[in-house]
**Q** 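First, the structure itself, so that you have it in front of you.
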2 protein chains.
Amino acid sequence: MKSSIGIKRQTVTSSVLDLLRDRIISGVYPGGYQIKQEAVADEFSVSRIPIREALLQLEAEGLVVIHTHKGAVVAALTPQDAIDIFEARLALEPFMLAKAMAKATDADTDRVRTAYLNYETALTKGEAPERLSALNWAFHNALLAAANRPRSFALIAILHNSADRYLRLQIDTEAAQTKALEDHRALAEAFAKRDLTLAQRLLKKHIADARDDVIRNLKEGLA
Amino acid sequence: MKSSIGIKRQTVTSSVLDLLRDRIISGVYPGGYQIKQEAVADEFSVSRIPIREALLQLEAEGLVVIHTHKGAVVAALTPQDAIDIFEARLALEPFMLAKAMAKATDADTDRVRTAYLNYETALTKGEAPERLSALNWAFHNALLAAANRPRSFALIAILHNSADRYLRLQIDTEAAQTKALEDHRALAEAFAKRDLTLAQRLLKKHIADARDDVIRNLKEGLA
DNA sequence: CTGTTGCATATTGAATACAACAGACCCCTG
DNA sequence: CAGGGGTCTGTTGTATTCAATATGCAACAG
């Protein structure tokens with residue numbers, strides 16, 4: 001097999017997919033924004049075909065809604081949707097954490113610790129929100145990776161992306177991020193000690209708190 | 001070819017999507033089968049574009065795996081994958097059942113009862129497996145519909161489709177279906193009584209038993 | 001004989017071209 | 001003035017065409 005390492009040969013569709021996803025999650029394309037295929041195609045100097053295919057995948061991720069002959073619209077952010085997403089995470093993540101911790105090795109513990117430290121240093125350095133988001137996900141990722149459940153993992157990843165859209169809306173992102181850091185620290189510790197009960201409780205609270213914060217902010221925003 | 005009832009406002013892509021999905025779930029396209037775009041396009045006398053788009057959606061549903069420049073292959077059926085799927089359901093469905101039962105009205109109870117009866121009559125009539133599959137899903141659907149959680153529901157629907165592929169492999173489908181009927185009866189009763197604890201326990205057992213059956217059959221098949 | 005290299009073919013990826021639909025606008029009629 | 005109908009335009013859906021990649025095979029060097 002030829003080494004494809006180092007060679008960056010992405011397909012146009014996947015490049016567009018990543019770019020559009022970033023724009024939606026970061027809020028460049030807000031909820032309700034209509035993504036016109038031709039506009040995106042022109043912007044990237046490609047045809048509409050890869051755009052269409054990227055949009056289909058974004059729809060599968062729940063980031064856009066496509067109506068026949070009417071096109072793709074960025075999914076709206078609503079309290080009900082936030083509850084839907086965060087509570088699905090609440091059902092899935094602690095469950096998968098159990099599977100992960102049951103099979104975790106010292107190497108997995110190290111990965112969790114490293115992911116925690118990366119988030120910490122990025123936060124103290126005051127790095128950009130998208131960087132912090134990525135590292136936040138990397139931490140949750142590390143917690144669950146040992147479970148080795150591709151499908152469940154994919155579902156959780158999708159939920160995280162959508163959840164991220166809400167988290168980026170936070171008024172006081174700094175407070176939320178600092179709290180997240182503290183939660184992560186405790187989680188990493190419980191993971192290292194293989195204290196499943198504690199870890200699950202912490203994770204549930206972590207997600208539930210995020211849900212409540214998001215809801216509160218949304219309600220305030222509407223008032 | 002499906003009968004076009006009334007106006008066929010369906011897009012080619014969605015028609016192809018439904019047909020391919022059926023073929024995969026029913027086993028016409030077995031795990032590992034390579035779906036060639038042009039072959040399907042020729043069969044339906046359409047271009048490859050709708051095929052490609054359908055395949056992308058099937059990938060999002062976890063029914064096929066696409067590799068760049070190598071095409072789409074029907075996802076393999078493995079014990080690990082089955083565990084992954086059924087245990088994700090085990091995490092999600094009882095959780096959502098709680099949300100559903102908390103908001104359920106008498107109309108919802110009726111829908112559950114009707115769904116149960118439909119499955120029962122179809123089973124006694126000895127209808128085709130795909131019909132029974134659809135009614136089985138309709139029952140689970142009815143149990144959870146009142147929750148009104150589109151995203152969680154979409155995830156569960158996808159998991160059901162993949163789970164169905166495994167259930168269709170069952171050696172003794174009749175025994176499995178009869179057991180399912182009994183489970184459903186008890187579930188419908190608990191739902192009607194609003195006995196959440198019992199309903200959740202029954203649902204968990206229902207799913208866990210299905211998982212175990214599937215695993216056992218897979219292992220035997222490999223032996 | 002073995003391993004590598006280069007070519008031929010099958011298949012997918014993307015661009016271009018054409019068709020169909022939704023929505024807005026205008027005009028018309030009552 | 002309200003409402004209907006038709007055209008017109010912008011956008012999406014699909015077909016067709018071209019380009020790029022993977023894979024198998026044959027020729028060849030060692």
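Worth saying up front: this structure is predicted, and the values here are computed from it rather than measured.
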**Q** Is there a donor-acceptor contact under 3.5 Å from the side chain of B/D84 to the main chain of A/R151?
**A**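 Yes: the side chain of B/D84 pairs with the backbone of A/R151.
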
**Q** Rounded to the nearest angstrom, tell me the gap between atom CD in B/Q37 and atom C1' in D/dT17.
**A** 15 Å

**Q** Round to the nearest Å and state the distance from B/L56 atom CG to C/dA14 atom P.
**A**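 Result: 10 Å.
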
**Q** Measure up the B/F86 and B/Y166 rings against each other and bin them: parallel (under 30°), tilted (30 to 60°), perpendicular (over 60°).
**A** perpendicular

**Q** Look at the side chain of A/T68 and decide which nucleotide, out of D/dG13, C/dT12, C/dA15, has an atom nearest to it.
**A** D/dG13

**Q** Roughly, in whole Å, what's the span from NE2 in A/H67 to C1' in C/dA20?
**A**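 Going from NE2 in A/H67 over to C1' in C/dA20 covers 19 Å.
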
**Q** Tell me what B/I66 touches on the nucleic acid: a base, only sugar-phosphate, or nothing, going by heavy atoms under 4.0 Å.
**A**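 Result for B/I66 = nothing.
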
**Q** Whole Å only: how far is the NZ atom of A/K36 from the P atom of D/dT11?
**A** 5 Å

**Q** Determine the sole option in A/E93, A/R89, A/H140 for which the side-chain hydrogen bond (donor to acceptor under 3.5 Å, both in side chains) test with A/H206 is passed.
**A**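 So the option named by the test is A/H140.
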
**Q** With a 4.0 Å limit, can you tell me whether A/T11 has a side-chain N or O closer than that to the phosphate oxygens OP1/OP2 of C/dA14?
**A** yes

**Q** Looking only at the side chain of B/S47 (C-beta and beyond, no hydrogens), which of the listed nucleotides D/dT16, C/dA15, C/dC18 gets closest?
**A**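 Among D/dT16, C/dA15, C/dC18, the one nearest the side chain of B/S47 is D/dT16.
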
**Q** Can you tell me the distance, in whole Å, between the CD1 atom of B/I51 and the P atom of D/dT14?
**A**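 From B/I51 CD1 to D/dT14 P: 10 Å.
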
**Q** CG of A/L17 versus P of C/dG13: gap in Å, rounded?
**A**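 In whole Å, C/dG13 P and A/L17 CG are 14 Å from each other.
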
**Q** Could you check B/D81 against B/T78 for side-chain hydrogen bond (donor to acceptor under 3.5 Å, both in side chains), going step by step and ending with a plain yes or no?
**A** CA-CA 5 Å; B/D81 182 56; B/T78 68; 5.1 Å; no

**Q** Strictly below 4.0 Å: does A/K70 bring a side-chain N or O up to OP1 or OP2 of D/dT12?
**A**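 Looking at the OP1 and OP2 atoms of D/dT12, neither is under 4.0 Å from any side-chain N or O of A/K70.
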
**Q** When the distance from CZ of B/R48 to P of C/dA15 is rounded to whole Å, what number comes out?
**A**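 Checked: the CZ to P distance equals 14 Å.
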
**Q** If you compare every side-chain N and O of B/R52 against the phosphate oxygens of C/dT12 (OP1, OP2), does one of them come in below 4.0 Å?
**A** no

**Q** Under 6.0 Å between ring centres: does that hold for B/Y116 and B/H184?
**A** no

**Q** Take atom CD of A/E38 and atom C1' of C/dA17, then tell me their distance rounded to the nearest Å.
**A** 12 Å

**Q** Kindly point out which of C/dG13, C/dA14, D/dT12 is positioned nearest to the side chain of B/H69?
**A**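 Of the options given, the side chain of B/H69 lies nearest C/dG13.
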
